[in-house]
Undergrad: 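Take this structure, written in structure tokens, and hold onto it; I'll ask about it next.
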Amino acid sequence: VQLVESGGGLVQPGGSLRLSCEASARTFSNYGMGWFRQSPGKGREIVAAISWHGGNQYYTDSVKGRFAVSRDNAKNTVYLQMDSLRSEDTAVYYCAAGIPTPFGLGYIVHDFEYKWWGQGTQVTVSS
């Protein structure tokens, strides 16, 4: 599975960006998808995750109410809408794909459970 992110860039505080991640997989709808970020000097952290069917989402506390994850299985694409951006959101953002456990909520929170990763896209929030 190949994952290609797009949509990063420079934005002022309070602004918005929408990240996209297109997957090459034929069975995209089988995968739980996640967005992670990593800034200099910090470890990789999960931002949001979405179940294979799109009905369940997870958000880390710092982005709740500001970010929204969604997916379009017909387009093999997952999105991250980021509003009210802050300087602390500055990071390289990665999308990831994995196979969720059969009896859970359908999304994956832990990075070690993801099997495929994109190359990352830079998001810089600065005035």
Side-chain angles (χ1 to χ4, degrees):
V1 176
Q2 290 186 325
L3 303 173
V4 179
E5 301 101 334
S6 60
L10 173 64
V11 64
Q12 292 186 341
S16 298
L17 282 175
R18 188 174 84 152
L19 305 183
S20 299
C21 173
E22 185 172 358
S24 63
R26 292 183 179 180
T27 55
F28 176 75
S29 59
N30 289 347
Y31 301 127
M33 300 296 295
W35 287 98
F36 290 77
R37 66 186 179 188
Q38 186 166 20
S39 53
K42 294 185 178 181
R44 184 168 58 192
E45 66 168 343
I46 187 166
V47 177
I50 188 166
S51 60
W52 58 270
H53 49 74
N56 295 326
Q57 302 93 36
Y58 168 89
Y59 299 96
T60 194
D61 286 346
S62 62
V63 307
K64 285 181 181 177
R66 300 190 298 123
F67 290 12
V69 60
S70 61
R71 66 190 296 161
D72 185 338
N73 286 344
K75 295 182 178 180
N76 280 14
T77 302
V78 62
Y79 305 96
L80 184 67
Q81 177 67 42
M82 304 186 294
D83 299 322
S84 302
L85 283 161
R86 306 168 180 168
S87 58
E88 53 264 38
D89 296 316
T90 295
V92 178
Y93 283 70
Y94 301 88
C95 74
I99 300 174
T101 56
F103 304 108
L105 292 172
Y107 57 69
I108 305 168
V109 175
H110 301 293
D111 59 357
F112 60 82
E113 294 184 273
Y114 282 94
K115 188 172 182 179
W116 298 280
W117 293 83
Q119 82 289 349
T121 185
Q122 176 70 46
V123 171
T124 302
V125 184
S126 175
S127 55

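Here the structure is a predicted model, which is why all the values come from computation and not from measurement. All residue numbers in this chain count up from 1 along the given sequence.
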Undergrad: What I'd like to find out is whether the side chain of Trp35 reaches to under 4.5 Å of the side chain of Phe67, using heavy atoms alone.
TA: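 When only atoms from C-beta onward are counted, Phe67 and Trp35 do not touch, as no gap falls below 4.5 Å.
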
Undergrad: Do Glu113 and Ile99 come close enough that some side-chain heavy atom pair is under 4.5 Å?
TA: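 Glu113 vs Ile99: side chains apart.
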
Undergrad: Would you say Trp52 has more than 12 foreign heavy atoms packed within less than 6.0 Å of its CH2?
TA: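 Counting other residues, nucleotides and ligands, CH2 of Trp52 stays at 12 neighbours or fewer.
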
Undergrad: Heavy atoms, side chains only, cut-off 4.5 Å: are Leu3 and Met33 in contact?
TA: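 Of all side-chain heavy-atom pairs linking Met33 with Leu3, at least one is under 4.5 Å.
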
Undergrad: Under 3.5 Å, side chain of Ser24 to main-chain N/O of Gln2, donor-acceptor pair present?
TA: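 Side chain of Ser24 to backbone of Gln2: a pair is present.
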
Undergrad: Would you call Asp61 and Lys64 a salt bridge, using N to O less than 4.0 angstrom?
TA: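 Salt bridge flag = yes for Lys64 with Asp61.
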
Undergrad: Does Ser126 reach the side chain of Leu10, with side-chain heavy atoms less than 4.5 Å apart?
TA: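 Sidechains of Leu10 and Ser126: in contact.
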
Undergrad: Hydrophobic clusters here meaning ILVMFWY residues chained together by side-chain heavy-atom distances under 4.5 Å, can you tell me if Val47 and Val11 are in one?
TA: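 They do share one cluster, since a chain of ILVMFWY contacts under 4.5 Å joins Val47 to Val11.
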
Undergrad: Going hydrophobic residue to hydrophobic residue with side-chain gaps under 4.5 angstrom, can you get from Trp117 over to Tyr107?
TA: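 Same hydrophobic cluster.
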
Undergrad: When you measure from the side chain of His53 to the backbone of Gly55, do you find a donor-acceptor pair of N or O atoms at a distance under 3.5 Å?
TA: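 Side chain of His53 to backbone of Gly55, a donor-acceptor pair under 3.5 Å: yes, one is there.
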
Undergrad: Shortest non-hydrogen contact from Ala49 to Tyr114?
TA: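 Smallest heavy-atom distance, with atoms named: CB-OH, 3.7 Å.
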
Undergrad: For Trp116 and Tyr31, I'd like to know if the aromatic rings sit close, meaning centre-to-centre distance below 6.0 Å.
TA: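 Close enough - the centres of the two rings lie under 6.0 Å apart.
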
Undergrad: Does Ser84 offer a backbone N or O that forms a donor-acceptor pair with the side chain of Arg66 under 3.5 Å?
TA: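 Flag set: sc Arg66 to bb Ser84 pair under 3.5 Å.
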
Undergrad: Treating Glu5 as the side-chain partner and Gln119 as the backbone partner, does any N or O pair qualify as donor plus acceptor under 3.5 Å?
TA: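 Pair found, side chain donor or acceptor close to backbone of Gln119.
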
Undergrad: For the residue pair Phe103 and Thr101, establish whether any side-chain heavy-atom pair is separated by less than 4.5 Å.
TA: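 Sidechains of Thr101 and Phe103: no contact.
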
Undergrad: So, Arg71 side chain and Ser51 main chain: donor-acceptor pair closer than 3.5 Å or not?
TA: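 Yes, because the side chain of Arg71 sits within donor-acceptor range (under 3.5 Å) of the backbone of Ser51.
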
Undergrad: Spell out, as yes or no, whether a donor-acceptor pair under 3.5 Å connects the side chain of Ser87 to the backbone of Val125.
TA: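 No, Ser87 side chain to Val125 backbone: no donor-acceptor pair under 3.5 Å.
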
Undergrad: Report yes if some heavy atom in the side chain of Asp89 is under 4.5 Å from a heavy atom in the side chain of Met82; otherwise report no.
TA: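 No; the side chains remain at least 4.5 Å from each other.
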
Undergrad: Within the structure provided, determine whether Tyr58 and Ile46 are in side-chain contact (heavy-atom separation under 4.5 Å).
TA: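 Yes, side chains in contact.
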
Undergrad: Do Val78 and Val109 sit in one hydrophobic cluster, given that two such residues count as connected whenever their side-chain heavy atoms are within less than 4.5 Å of each other, even indirectly?
TA: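 No, no single cluster joins them.
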
Undergrad: Report the C-alpha distance between Tyr93 and Thr121 in whole Å, list the side-chain angles of each, state the deciding distance to 0.1 Å, and finish with yes or no for side chain to side chain contact (heavy atoms under 4.5 Å, CB included).
TA: CA-CA 5 Å; Tyr93 283 70; Thr121 185; 4.3 Å; yes

Undergrad: So if you build clusters from Ile, Leu, Val, Met, Phe, Trp, Tyr with side-chain heavy-atom gaps below 4.5 Å, do Leu80 and Val123 land together?
TA: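 Yes, Leu80 and Val123 fall within the same hydrophobic cluster.
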
Undergrad: Determine yes or no for a side-chain-to-main-chain donor-acceptor pair under 3.5 angstrom, with Tyr59 supplying the side chain and Val69 the backbone.
TA: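 Such a contact is found between Tyr59 side chain and Val69 backbone.
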
Undergrad: For the residue pair Ala25 and Asn76, what are the closest heavy atoms and their distance?
TA: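 Looking at all heavy atoms of both residues, the shortest contact is O-ND2, 2.6 Å.
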
Undergrad: Looking only at heavy atoms, what is the nearest atom pair of Glu45 and Arg37, with distance?
TA: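 Of all heavy-atom pairs spanning Glu45 and Arg37, the closest is OE2-NE, 2.6 Å.
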
